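Inspection log for the structure reproduced underneath, given as structure tokens.
Each ligand, and each atom within it, is numbered from 1 in the order the structure gives. The structure displayed is predicted, hence computed values, not measured ones.
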Amino acid sequence: MAVSPASDSIDIQSHRGPYRVVFEEGEPFASLRDEDLGRAVVVLDARVGGLYARELAPLDGAGVLRIEADEAAKSLDRFPEYVERLVAHRVRRGHVLLAIGGGVIQDIVCFLAAVLLRGLEWRFYPTTLLAQADSCIGSKSSINVGRIKNVLGTFTPPAAIRINTRVLATLDPVEIRSGIGEMLKVHAIDGSAAFDRIAADYGPLLTDRNVLERYIRASLLIKQRLIEADEFDVGARRVMNYGHSFGHAIESATDFSIPHGIAVTIGMDMANYVAARLGVAPAAHFERMHPALAANYAGFDRMDVPLDALLEALGKDKKNTDSSLTLILPDAQGTPAIGTYRHDAAFRAVCADYFASVRHA
Ligand SMILES: NC(=O)c1ccc[n+]([C@@H]2O[C@H](COP(=O)([O-])OP(=O)(O)OC[C@H]3O[C@@H](n4cnc5c(N)ncnc54)[C@H](O)[C@@H]3O)[C@@H](O)[C@H]2O)c1
Ligand SMILES: [Zn+2]
């Protein structure tokens, strides 16, 4: 899909009606002044709260729940504390939850919005690239229970999303690459021409905010097409899990020490490699995508990913049984497609070869 001309909003259709993604210029969080803070409770990434204390001054006097955004923060056992603190901030039916942060804050607020007081409206100010370019649309909340990642969830779209790419300036560079991982993914799903285009712009993506913003819009437009066709993830949308079966297994096998979008980047590379070895996609497809993917996971290629833990995690993936694996692998044309594969010794050997080959590249 061609990159759309600059427009300042995208309207997304959902089962709850349309919601608008607005691209904002100027001072970050300026539009908080337009929110009805008298009937809102804010859930704020604590780090963002510290970095943008001045810009977030409109929140003075509002109820604010600050959360340190790590993977443990979206664990079910933390929710009693969140609920108690929101109730202490006098959350009421008819109130709005304002989420300010990345994917972790999003998952927490989206989940709470589905169940707190039988449902509240929520609005989102995404502050990470991953959240701006990918997770902010699509309605999903995903909560961890113990070590089981994303096992609880709902489809609860926000009422509105406000994106200001200026806040990305304070993001750790590795978190930028994590977001780029998801952007590479949707472009790969859109087709080889789209992937080649974003891959060719990989350098400017890291250094030029205008180029980055152009690809954020393009990524959201590609995702929009898939989620509007299949909001509840039973058909066309499932290809969005490209890179995610292996990616989640890598995250789990390394105790979540690899950012999500970096694990997804490795996951796509691994899916392409495995597909080539199993004969379902040409080796040329792996080789075509490999340079951009490898650039994006640079520094993580020497990480020790324990194979037993990885295969165990892969087997536990929601979609799988002990003997068969449902994976999104590229097909003969290089298009990500759903298939079922045998979880056997040969598969294990191919996975082992992947890590050996990347580490020695
Ligand atoms: N629900 C969905 O559709 C969906 C989709 C993809 C990912 N996710 C989930 O999102 C989570 C990852 O989210 P993420 O990658 O957005 O990161 P994150 O929310 O984990 O944030 C990463 C780090 O960046 C910090 N941070 C956030 N904004 C910042 C800013 N502007 N400046 C400086 N620091 C900032 C945070 O405090 C945190 O330390 C994972 O749990 C993943 O499972 C959910
Ligand atoms: Zn993802």
Side-chain angles (χ1 to χ4, degrees), residues 12 28-29 43-53 55-56 66-75 78 99-111 113-114 122 124-144 148-158 161 163-186 189 209 216 219-220 223 226-227 231-233 237-248 250-252 256-268 328:
I12 310 285
F29 308 115
V43 180
L44 173 64
D45 180 311
R47 179 142 196 244
V48 173
L51 287 167
Y52 295 93
E55 292 84 350
L56 291 168
R66 287 174 188 255
I67 296 176
E68 303 278 343
D70 53 21
E71 194 59 31
K74 49 176 255 192
S75 204
R78 300 286 288 278
I100 305 175
V104 166
I105 298 297
Q106 172 189 344
D107 274 337
I108 294 168
V109 175
C110 184
F111 189 72
W122 73 287
F124 190 23
Y125 289 74
T127 63
T128 61
L129 179 57
L130 182 138
Q132 292 191 349
D134 177 52
S135 69
C136 68
I137 61 169
S139 312
K140 283 188 190 175
S141 67
S142 305
I143 295 303
N144 306 332
I148 317 173
K149 187 173 158 77
N150 291 347
V151 67
L152 290 188
T154 62
F155 289 98
T156 316
I161 298 163
I163 292 180
N164 187 326
T165 55
R166 285 197 190 192
V167 297
L168 303 178
T170 50
L171 209 56
D172 190 295
V174 85
E175 296 294 343
I176 294 286
R177 287 199 278 140
S178 178
I180 290 176
E182 298 280 13
M183 297 164 80
L184 292 170
K185 179 199 75 179
V186 285
I189 290 169
R209 189 165 63 86
I216 292 174
S219 299
L220 291 176
K223 180 168 176 179
L226 292 163
I227 60 176
E231 187 178 2
F232 298 114
D233 207 7
R237 182 174 179 176
R238 293 173 70 192
V239 294
M240 289 280 295
N241 273 321
Y242 177 44
H244 278 64
S245 293
F246 289 118
H248 283 151
I250 290 167
E251 285 184 276
S252 158
F256 298 97
S257 58
I258 302 183
H260 175 73
I262 301 282
V264 169
T265 309
I266 303 173
M268 287 187 277
I328 316 283

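Comparing T127, I137, V104 by heavy-atom distance to atom 28 (N) of ligand 1, the nearest is T127. Taking all heavy atoms of E175, E182, K149 into account, the minimum distance to atom 43 (O) of ligand 1 is reached by K149. Of the candidates H244, R47, K140, K140 brings a heavy atom nearest to atom 3 (O) of ligand 1.
The single protein non-hydrogen atom nearest to atom 5 (C) of ligand 1 is S135 CB, 3.3 Å, given as residue, atom name and distance. In this structure, atom 32 (N) of ligand 1 lies nearest to the protein heavy atom T170 OG1, 2.7 Å. Protein heavy atom closest to atom 14 (P) of ligand 1, with residue, atom name and distance, is G103 N, 3.5 Å. Remark: minimum distance from atom 7 (C) of ligand 1 to any protein heavy atom is reached at L130 CD2, 3.7 Å. Ranking the protein heavy atoms by distance from atom 36 (C) of ligand 1 puts D45 OD2, 3.0 Å first. Of the protein's non-hydrogen atoms, the one nearest atom 38 (C) of ligand 1 is A69 O, 3.7 Å. Counting only heavy atoms of the protein, atom 44 (C) of ligand 1 lies nearest to D107 OD2, 3.4 Å.
The shortest heavy-atom distance from G138 to ligand 1 is not under 4.0 Å.
The ligand atoms of ligand 1 that sit less than 4.0 angstrom from a heavy atom of E71 are 40 (C), 41 (O). Of all atoms in ligand 1, numbered sequentially from 1 with element shown, those under 4.0 Å from a heavy atom of T128 are 14 (P), 16 (O), 17 (O), 21 (O), 27 (C), 28 (N). Contact atoms of ligand 1 toward V167: 30 (C), 31 (N) (distance under 4.0 Å to a heavy atom of the residue). Less than 4.0 angstrom separates some heavy atom of G102 from each of these atoms of ligand 1: 16 (O), 19 (O). For ligand 1, the atoms closer than 4.0 angstrom to any heavy atom of L51 are 32 (N), 33 (C).
Under a 3.5 Å cut-off, the side chain of S245 and the backbone N or O of Y242 do not form any donor-acceptor pair. No donor-acceptor pair under 3.5 Å is formed between the side chain of Q132 and the backbone N or O of I216. Here the side chain of D107 pairs a donor or acceptor atom with the backbone of S142 at under 3.5 angstrom. Y125 places no side-chain N or O within 3.5 Å of a backbone atom of N164 that could act as its donor or acceptor partner.
Under the 30°/60° scheme for interplanar angles, the aromatic rings of H260 and H248 are found to be tilted. Ring pair W122/F124 is tilted by interplanar angle, where 30° to 60° counts as tilted. By the 30° and 60° cut-offs, the orientation of the rings of F232 relative to F155 is perpendicular.
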inquiry  = side-chain hydrogen bond (donor to acceptor under 3.5 Å, both in side chains), that's the test. Do T156 and S141 meet it? Break it down for me.
reply    = CA-CA 7 Å; T156 316; S141 67; 5.0 Å; no
task = Output, in order, the C-alpha distance, side-chain angles, deciding distance and verdict of side-chain contact (heavy atoms from CB on, under 4.5 Å) for E251 and K149.
result = CA-CA 10 Å; E251 285 184 276; K149 187 173 158 77; 3.8 Å; yes
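Using a 4.0 Å cut-off between heavy atoms, V48 contacts ligand 1 through its side chain alone, with no backbone atom that close. Within the 4.0 Å heavy-atom criterion, both parts of L171, backbone and side chain, lie near ligand 1. At a heavy-atom cutoff of 4.0 Å, ligand 1 is contacted by the side chain of N150 but not by its backbone. Of all the heavy atoms of D172, none lies under 4.0 Å from any atom of ligand 1, so neither backbone nor side chain is involved.
Under the 4.5 Å side-chain criterion, counting only non-hydrogen atoms from C-beta, P157 is not in contact with I12. At a threshold of 4.5 Å between non-hydrogen side-chain atoms, the residues V104 and D70 do not count as touching.
In this structure, CD1 in I137 is found 4.0 Å from CD1 in I227, a value given to the nearest 0.5 Å. Distance check, rounded to the nearest 0.5 Å: OG1 of T128 to CD1 of I105 gives 10.0 Å. Separating the CD1 atom in I180 from the CG atom in D134 is a distance of 13.0 Å, to the nearest 0.5 Å. The CD atom of Q106 sits 14.0 Å away from the CZ atom of F111 when rounded to the nearest 0.5 Å.
Ion pairing between E182 and K223 fails under the 4.0 Å rule for side-chain N and carboxylate O. Salt bridge D233/K140: present, at least one basic N to carboxylate O contact under 4.0 Å.
Counting only protein N, O or S atoms, 3 lie closer than 2.8 Å to the Zn ion (ligand 2).
Not one N or O of K223 is nearer than 3.5 Å to an N or O of ligand 1, by distance alone. The shortest N or O to N or O distance between D134 and ligand 1 is not under 3.5 Å. For ligand 1, the polar-atom distance check against S141 finds no nitrogen or oxygen pair separated by under 3.5 Å.
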